[in-house]
**Student:** 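First the structure, then my questions, so here it is.
Computed from a predicted structure; not experimentally measured.
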Amino acid sequence: MNITRKDFIVLLMQLGFFAILIGLPLLMALFWGASVSFNLVLRITLRWMLPMMAVYLLNYYVLVPLLYYKHHRWLFVFANVLIIALINNFIFFGYKIGQSGMIISPTTIPEMGRPMYYSNAIVPVALHIFAAIAALGVRHLSRLHEVELKIKEQEQKTTQAELAWLKNQLNPHFLFNTLNNISSLTQIDADQAQESIAQLSDLLRYAMYETEKPLVPLTGEVEFMKNYIDLMRLRCGKKTTVKVDMQSQQGAMVAPLLFISLIENAFKHGVSSNQKSNIDICLTADDGLLTFICDNTNYPKDNADRSGSGIGLENTRRRLQLLYPDRHTWEQTLVDDIYHIKITIQL
């Protein structure tokens with residue numbers, strides 16, 4: 001059995017509690033001065049408190065974990081009965097050894113003194129039973145606390161694993177679409193394609209190395225999104241209008257790659273090759289409140305085109321739920337063929 005620092009601290013706290021119980025009568029004796037014998041108070045206090053402390057600690061560290069939690073409940077009760085009986089000089093057997101060495105029992109003392117005998121027997125027994133019950137209760141509460149901590153730790157590990165999985169889904173999806181755009185550009189303008197490849201290299205470097213932390217500077221994320229939008233413009237014709245207004249707040253931190261899927265969907269579902277298309281992207285941050293708005297014309301994909309079938313959108317919503325629970329709002333509408341999405345986050 002490994003003794004941890006936490007176990008040592010708990011033991012010190014328990015011993016400290018008993019030390020306080022022992023010290024209170026002694027402080028009162030000192031306050032009263034010569035009218036009360038300090039040594040007498042000390043002897044009486046130790047006579048009452050040390051057995052209680054023994055019963056408590058024996059139950060807390062031995063009987064409860066080894067018997068009660070191992071489903072030996074009757075053996076646990078029997079062990080406590082035996083220990084309490086031994087500590088109280090075999091009171092349960094009807095006799096008691098006095099200070100003079102004489103055997104004292106209800107049959108050897110006058111009838112008038114028997115109530116005092118029974119009271120002296122019952123009070124310490126009751127206190128020791130209380131100590132055993134208190135040890136069981138404290139141990140149970142401590143165990144519940146440990147279980148809750150383990151559950152929270154497991155939930156945190158599960159959440160981190162899910163976030164990592166969602167984030168890993170974003171990167172290949174984003175890379176696939178960007179490479180398609182550059183591939184088309186190579187047939188039109190090789191120089192521009194080469195420049196776009198260099199720009200893509202910078203984006204991938206950011207996505208692979210700068211986003212390993214749970215939070216990144218908003219300024220870097222804004223720069224990343226602007227570069228990404230520049231690459232996405234490659235697929236747009238003259239009938240497409242793209243407006244971008246992004247303002248970052250110095251010192252603000254945000255989860256990485258949070259809005260890329262939304263921007264990607266705007267270009268995927270908001271651009272038509274033969275009709276007017278509009279994409280309007282806005283991001284503001286003020287006093288710790290981040291607002292992202294994206295409006296785009298809506299040109300639904302047919303059943304034959306399954307690219308970007310909503311996976312990125314659902315991933316974004318799930319990441320927001322995990323990263324910013326009760327700290328974000330999600331607004332999504334489709335009115336007059338304009339798809340609107342608005343997200344606010346309390347950073």
Side-chain angles (χ1 to χ4, degrees), residues 166-182 184-185 196 199-208 210-211 216-237 239-249 252 254-273 277-285 290-301 305 307-320 323-324 328-334 337-345:
L166 292 172
K167 182 181 170 184
N168 288 337
Q169 276 198 324
L170 294 176
N171 294 340
H173 201 47
F174 140 73
L175 178 61
F176 175 77
N177 287 279
T178 306
L179 287 175
N180 276 343
N181 297 334
I182 296 177
S184 301
L185 185 62
S196 297
Q199 192 172 17
L200 175 61
S201 177
D202 293 336
L203 292 179
L204 290 178
R205 187 179 297 107
Y206 177 87
M208 292 178 63
E210 300 297 328
T211 63
V216 296
L218 180 59
T219 53
E221 191 70 9
V222 167
E223 187 66 24
F224 173 81
M225 287 187 286
K226 287 181 178 180
N227 291 335
Y228 180 81
I229 293 171
D230 288 340
L231 285 176
M232 295 300 289
R233 291 177 191 266
L234 299 177
R235 65 179 296 176
C236 302
K239 293 185 177 182
T240 299
T241 301
V242 179
K243 296 180 181 179
V244 179
D245 182 14
M246 293 189 178
Q247 302 174 6
S248 61
Q249 182 179 359
V254 68
L257 306 178
L258 196 56
F259 304 113
I260 288 300
S261 290
L262 305 180
I263 297 174
E264 181 183 18
N265 283 341
F267 281 92
K268 186 177 296 297
H269 302 287
V271 176
S272 172
S273 59
S277 306
N278 295 285
I279 297 176
D280 191 353
I281 300 172
C282 177
L283 184 144
T284 59
L290 187 148
T291 304
F292 176 87
I293 301 175
C294 183
D295 296 324
N296 59 269
T297 47
N298 184 54
Y299 297 105
K301 300 292 183 179
D305 187 356
S307 62
S309 56
I311 295 177
L313 194 65
E314 291 303 317
N315 283 356
T316 302
R317 297 195 67 168
R318 182 56 181 160
R319 289 186 72 198
L320 284 170
L323 292 169
Y324 299 99
H328 77 278
T329 62
W330 178 285
E331 180 182 307
Q332 180 180 346
T333 60
L334 178 60
D337 290 330
I338 298 297
Y339 182 84
H340 167 83
I341 186 164
K342 177 181 179 180
I343 298 172
T344 61
I345 300 175

**Student:** How long is the gap from CG on L262 to CD1 on I293, to the nearest 0.5 Å?
**Tutor:**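 The distance works out to 12.5 Å.
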**Student:** Taking all heavy atoms of S261 and all of T316, pick out the closest pair and write down the distance.
**Tutor:**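 For S261 and T316, the tightest heavy-atom pair comes out as CB-OG1, 3.5 Å.
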**Student:** So, taking the atom named CG in L200 and the one named CG in L231, what distance separates them when rounded to the nearest 0.5 Å?
**Tutor:** 6.0 Å
**Student:** N278: what forms a side-chain contact (heavy atoms from CB on, under 4.5 Å) with it, not counting sequence neighbours?
**Tutor:**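 T241, T297.
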**Student:** To the nearest 0.5 angstrom, please state how far the CG atom of L283 sits from the CG atom of L218.
**Tutor:**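 Going from the CG atom of L283 to the CG atom of L218 covers 6.0 Å.
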**Student:** Could you tell me which residues satisfy side chain to side chain donor-acceptor pair (under 3.5 Å) with H340, sequence neighbours excluded, listed by chain and number?
**Tutor:**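 Checked H340 against side chain to side chain donor-acceptor pair (under 3.5 Å); matches are D295, E331.
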**Student:** Kindly compute the distance separating CD1 (I279) from CE (M232), expressed to the nearest 0.5 Å.
**Tutor:** 8.0 Å
**Student:** Check whether any side-chain heavy atom of L313 sits under 4.5 Å from a side-chain heavy atom of H269, and report yes or no.
**Tutor:** no
**Student:** Taking all heavy atoms of G270 and all of N296, pick out the closest pair and write down the distance.
**Tutor:** CA-ND2, 3.7 Å
**Student:** Can you list the residues that meet the side-chain contact (heavy atoms from CB on, under 4.5 Å) rule with D230, with sequence neighbours excluded?
**Tutor:** Q199, N227, R233
**Student:** Going by the rule side chain to side chain donor-acceptor pair (under 3.5 Å), which residues pair with T219 if we only count those two or more places apart in sequence or in a different chain?
**Tutor:**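 None.
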**Student:** How many angstroms lie between CZ in F267 and OH in Y228, if you round to the nearest 0.5 Å?
**Tutor:** 8.0 Å
**Student:** Are the side chains of H328 and L323 in contact, using a 4.5 Å heavy-atom criterion?
**Tutor:**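 With C-beta onward as the side chain, the pair stays apart.
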**Student:** List the steps, then state whether side-chain contact (heavy atoms from CB on, under 4.5 Å) holds for R319 with L257.
**Tutor:** CA-CA 10 Å; R319 289 186 72 198; L257 306 178; 4.2 Å; yes
**Student:** Taking all atoms of both residues into account, what is the closest heavy-atom pair of A255 and Y324, and its distance?
**Tutor:** N-OH, 3.1 Å
**Student:** Is P256 close to E221 at the side-chain level, that is, under 4.5 Å between some pair of heavy atoms?
**Tutor:**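 Sidechains of P256 and E221: in contact.
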**Student:** One pair to check against side-chain contact (heavy atoms from CB on, under 4.5 Å): L258 and F292. What are the steps and the verdict?
**Tutor:** CA-CA 10 Å; L258 196 56; F292 176 87; over 6 Å; no
**Student:** Would you mind reporting whether D202 and F224 have side-chain heavy atoms less than 4.5 Å apart?
**Tutor:**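 Answer no - side chains too far apart.
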**Student:** Does Y339 have any side chain to side chain donor-acceptor pair (under 3.5 Å) partners at least two apart in sequence or in another chain, and if so, which?
**Tutor:**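 With neighbours one apart ignored, the set is Q332.
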**Student:** Identify, with sequence neighbours excluded, every residue that meets side chain to side chain donor-acceptor pair (under 3.5 Å) alongside S272.
**Tutor:**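 Partners of S272 by the side chain to side chain donor-acceptor pair (under 3.5 Å) criterion, ordered by chain and then number, come out as N274.
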**Student:** Rounded to the nearest 0.5 Å, what separation is found between the CG atom of N298 and the CG atom of L334?
**Tutor:** 5.0 Å
